[in-house]
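Shown next, in structure tokens, is the structure this report addresses.
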There are 2 protein chains.
Amino acid sequence: MKIVIVGGVAGGASAAARARRLMEDAEIVVFERGEHISYANCGLPYHVGNVIPDEDDLLVQTVKGMSRRFRLDIRTNSEVTAIHRDRRTVSVHDRKNGRTYEESYDRLILSPGARPFVPPLPGADLKGVYTLRTIPDAAAIKAKVDAGGVKRAVVVGAGFIGVELAENLQARGVEVTLEEGADQVLPPLDSDMARLIETELEKNGVRLILGSSLQSIEKTASGLAVTAGDHAPIEADLVALCIGVRPETELAKAAGLRLGFKDSIWTDSHQRTSDPHIYAVGDAVQTWNLLDGKETLLALAGPANRQGRLAAGAIAGLPHAFPGVAGSSVVKVFGLTAAATGMSEKALLRENVPYEKVYVQPLDHAGYYPGARQMTLKLLFSPVSRRVLGAQAVGPEGIDKRIDVIAAALQLGATVDQLSQLELCYAPPYGSAKDPVNVAGFVAVNVLDGLSRQIHWHDIGCLPENALLLDVRTPAEYEAGHIEGAKLFPLDNLRETLEELPKDRPTVVYCKVGLRGYLAERILVQHGFTDVYNLAGGYQLYEGVRGATVPDLPIDCLGYARS
Amino acid sequence: MKIVIVGGVAGGASAAARARRLMEDAEIVVFERGEHISYANCGLPYHVGNVIPDEDDLLVQTVKGMSRRFRLDIRTNSEVTAIHRDRRTVSVHDRKNGRTYEESYDRLILSPGARPFVPPLPGADLKGVYTLRTIPDAAAIKAKVDAGGVKRAVVVGAGFIGVELAENLQARGVEVTLEEGADQVLPPLDSDMARLIETELEKNGVRLILGSSLQSIEKTASGLAVTAGDHAPIEADLVALCIGVRPETELAKAAGLRLGFKDSIWTDSHQRTSDPHIYAVGDAVQTWNLLDGKETLLALAGPANRQGRLAAGAIAGLPHAFPGVAGSSVVKVFGLTAAATGMSEKALLRENVPYEKVYVQPLDHAGYYPGARQMTLKLLFSPVSRRVLGAQAVGPEGIDKRIDVIAAALQLGATVDQLSQLELCYAPPYGSAKDPVNVAGFVAVNVLDGLSRQIHWHDIGCLPENALLLDVRTPAEYEAGHIEGAKLFPLDNLRETLEELPKDRPTVVYCKVGLRGYLAERILVQHGFTDVYNLAGGYQLYEGVRGATVPDLPIDCLGYARS
């Protein structure tokens, strides 16, 4: 058996190692276009920021070490330029000596990855304009910063890499503008949750320009000038294009392999392409959303590594299959963490999937133990199947844990009822007797059980004229800031002041985070108020997401809340 | 509807609040024997340690605040002394004024909790001997330490509370001896994992006496002397009995309610006792293991709170049921965290459930990002259904997250195959592309697929005489310490030195953590070696668990490994 692997990072490296473990006799050849194999792509922004000062630390495996241990024939600086499916060979261009030759295979594993998207705009190819995908990319940006030549930088694109790079440049004393064509940072999040991160970026001195597409980059006397939307040109010494990646599928396309979503490589769940001798893994392949089965792309290291492992297993005859993706992701942004799993609200709306949502803002661990910090957690679920559809969280502590738990639950088909009853570890330094995950489940179950009817931050602007808006917090909280038009009816006196209120008007209650609002709602409903709503997430969320884009809902406000 | 609740902490408080939210019209009376309701039981050791210096911070709810908000009739210092099921009343003894009266109910919720077990041994009632269950208990211990009167303490019982109290006393400058009748600390863990915590306790100056039952406590000239097993008496200024708790079921028993496991109160999954008008929740009730359905007790705050909520819901007609318990728990021990979920190995052996186990020792986050720390994770699973049966982890970082994810997976019926494919959040500060949970899954699947045959640390002592023991680490690692009788065959030269080895003898390979050992195993097997085993967890685990109790296996060593 001779296995040829195209691409030696993440999926390719995982495939090579697993192939050797399973097939000691196989001949395994790895072609890598670049200088390095198996490097830490996800660490590149932190190399720029000197958090990982030594470039060598980014090398998860070295060519020498991996070749020896796994008896691999690793050829770096070697670009595979064609696949000859008829005779089962690939053409390889040796970049060092310029030679091109053919190499045969019994099985071919494609792990070509994805390349940074560089828009065909004026100046995108100027000196001083970078992308960040490889170690040389990171080294080049770092060298320029190290040399002191970067006072101002523009990062174009506010996805994970863009946001991480912005933070790391800022940490190096660079004045950073983060420019994004969409109206929010971090596309896997919904606009409301992203708003919390945008505030953190701005608080830390990153200038944000959202909703403005890059127009051009020009050379000026002192450096570069970036024009986005109708904004005045932004002066910069360095521009980083972090606009996303595109699957590297030229090779597969030229070979006539079946293509999938957005020109990616199609595979079955064993990572086998339309040619039974060829497998493909990683950022270049189409995968599917495990919730709705729809085709998608997901350029993340976790799935790539697991796919590489599975492809080698499939070649060796193992039965294991890839289950699809949930889109679990996390990012550190200064003092906050943002994480998400499953489908976002905007994705659910786009796919026309019925959903409900709740927001909770619990502490990461018991409030009586020092250092407890509040988080914001948004849970999306089906009002039909009651299953968890997605979750997003932002906060200083405990975010990755809660989203990982919900990610596991979602992938295993959990309902919100099951979420509410999950028995998680509790001791004061780590959590609460009712974990944030349970609390989100409790609220979701209350909504589905009809115990609570919610309205959301984006409904406040379109309440009917006769609606009553009741702030059930304390007078001090009310005076420090409240929603316009709200009347103060503190929860702890509500039962005594009920008589002052009409029972037949749409009545919206709110508190700080939603809990007292829920208590008020329950009191009102059980005292005969016919049309009561609680503002999900309360005043804190309402204020926190100010400026977020209103989701594109089919029914507005109370009509929606009633549905 | 008049609801009477006996006990105002955890389950009782949760039941009261939920009952009010669901039944605004109900009359709700809460009887609490002590001074406080809804206090943070789990915070008590940290109050002693001055981590939570202010006693008031332990009060999650105050009587005044909770009475007002939830319109509850809370009567503290009020002990319910009898239940009169025939006329649906309880007898209440008012401890303040000595009066006893009857109170009627439509529905009764029992949340009496559990009391610390005080063994009927000489001196257990001496002055200076404490238990730790209530705020007054903690205050008394703290006052004595604050007053400078405690140089030496003996903590009897090394469960969660005992270990936490030992740490907190040590932090106050007290010389602590932790004495335990079992041969290990932290009973929810297996002896091997507990060994890692024992080392941490000893490293931090806590003296451990394991496997020695408390015999007596005597008054001496200078204080107290504790005798355990055949050890010399241990001098102490303070003795804390943390031997466990017993359900407070006298009331239920006297009322003729059906009792369950170990004299606990029996309930159905809606927390209803054998009397349809009486519910029971929390530490006093029997519950069941959600894995095997067997009856058990679990005195933890999480289940108690959820049961309280469910009991109120059931009274209000809601359909939700308690799913049983997984035994998820976590504890901080100096610089380490220990956590567990599901069944332990010793429980599986006791219940005669077929199982397999793997140990992995991955980093909590990407090794190339600063601060990565190694953990030890033990995964137990069924070789029949491939389902996850339990997990335990010990380490300085990321422990609670991994056990929570596995706890969720286990409760949702996940197989190790599903565990290996869970898509968890990855960014360098938080995890790895292959998360520790995935890695444990990978190893388990390899074992079930027959790709790896393991032996365990406790098998090394009983290898057959003709067995070969190969250390596949580097010469430097070997020289720094190796298993007696092991021969050095470094992995990276193994293929070249194979010829020196006989192929037909039982061959055990090991490395530092088990990965290189697995690679060596794969090489040997595929080169015709017929009987190869990898030492799970490698030399590091073997050394780390030195002194642990060997599990009571029905078949020894390779015979077991072969099964």
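So you know, we letter chains A, B, ... as the sequences are listed, proteins then strands, and number each from 1.
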ask   = Which bit of B/Phe442 is near chain A, if near means a heavy-atom gap under 4.5 Å: side chain, backbone, both or neither?
value = both
remark   = Counting heavy-atom pairs under 4.5 angstrom with chain A, the leader among B/Phe160, B/Tyr518, B/Phe322 is B/Tyr518
remark   = CG of B/Asn305 to CG of A/Asp435, rounded to nearest 0.5 Å, is 12.0 Å
remark   = Output for pair (B/Ile523 CD1, A/Arg69 CZ), nearest 0.5 Å, gives 9.5 Å
ask   = Are any side-chain N or O atoms of B/Gln526 and backbone N or O atoms of A/Glu24, one a donor and one an acceptor, separated by less than 3.5 Å?
value = yes
request  = Please report the closest heavy-atom contact between A/Pro370 and B/Ile52, naming both atoms and the distance.
outcome  = CD-CG1, 4.2 Å
request  = Would you mind listing every side-chain hydrogen bond (donor to acceptor under 3.5 Å, both in side chains) that reaches into residues 49-58 of chain B, with sequence neighbours excluded?
outcome  = B/Asn50-B/Lys142
inquiry  = Just verifying a value: how many Å separate A/Thr337 OG1 and B/Tyr430 OH, rounded to the nearest 0.5 Å?
reply    = 2.5 Å
Leading residue by heavy atom contact count with chain A [cutoff under 4.5 Å; candidates B/Met23, B/Arg495, B/Lys434] = B/Arg495
request  = Answer whether the closest heavy-atom distance between the side chains of B/Leu451 and A/Leu318 falls below 4.5 Å.
outcome  = yes
ask   = Quick one: what part of B/Val51 sits under 4.5 Å from any heavy atom of chain A, side chain, backbone, both or neither?
value = both
task = Output the distance between atom CG (A/Leu491) and atom CZ (B/Phe70), rounded to the nearest 0.5 Å.
result = 8.0 Å
task = Measure distances from B/Val525 to the heavy atoms of chain A and classify the residue's part below 4.5 Å as side chain, backbone, both or neither.
result = neither
task = Among B/Gln421, B/Arg402, B/Arg522, single out the residue with the greatest number of heavy-atom pairs under 4.5 Å to chain A.
result = B/Gln421
request  = Could you please spell out the steps behind the side chain to side chain contact (heavy atoms under 4.5 Å, CB included) verdict for A/Asp449 and B/His320?
outcome  = CA-CA 10 Å; A/Asp449 285 354; B/His320 309 295; 2.5 Å; yes
request  = Could you tell me which non-hydrogen atom of A/Asp404 sits nearest to which non-hydrogen atom of B/Cys425, and how far apart they are?
outcome  = OD1-N, 2.8 Å
ask   = Any Lys/Arg nitrogen of B/Glu397 or A/Lys401 sitting under 4.0 Å from an Asp/Glu carboxylate oxygen of the other?
value = no
query = When rounded to the nearest 0.5 angstrom, what distance separates CG in B/Asn438 from CZ in A/Arg309?
reply = 9.5 Å
task = For B/Cys42 and A/Pro428, work out which heavy atoms get closest and say how close.
result = O-CG, 3.2 Å
inquiry  = Taking the side chain as everything from C-beta on, heavy atoms only, tell me whether B/Leu519 gets closer than 4.5 Å to A/Arg20.
reply    = no
message = Can you tell me which portion of B/Leu298 sits under 4.5 Å from chain A's heavy atoms? Options are side chain, backbone, both or neither.
response = side chain
Pairing residues for B/His47 by the ring-ring contact (aromatic ring centres under 6.0 Å, His included) criterion, not counting sequence neighbours = none
Evaluation steps, side chain to side chain contact (heavy atoms under 4.5 Å, CB included), between B/Glu423 and A/Gln411 = CA-CA 8 Å; B/Glu423 186 189 321; A/Gln411 290 168 67; 3.6 Å; yes
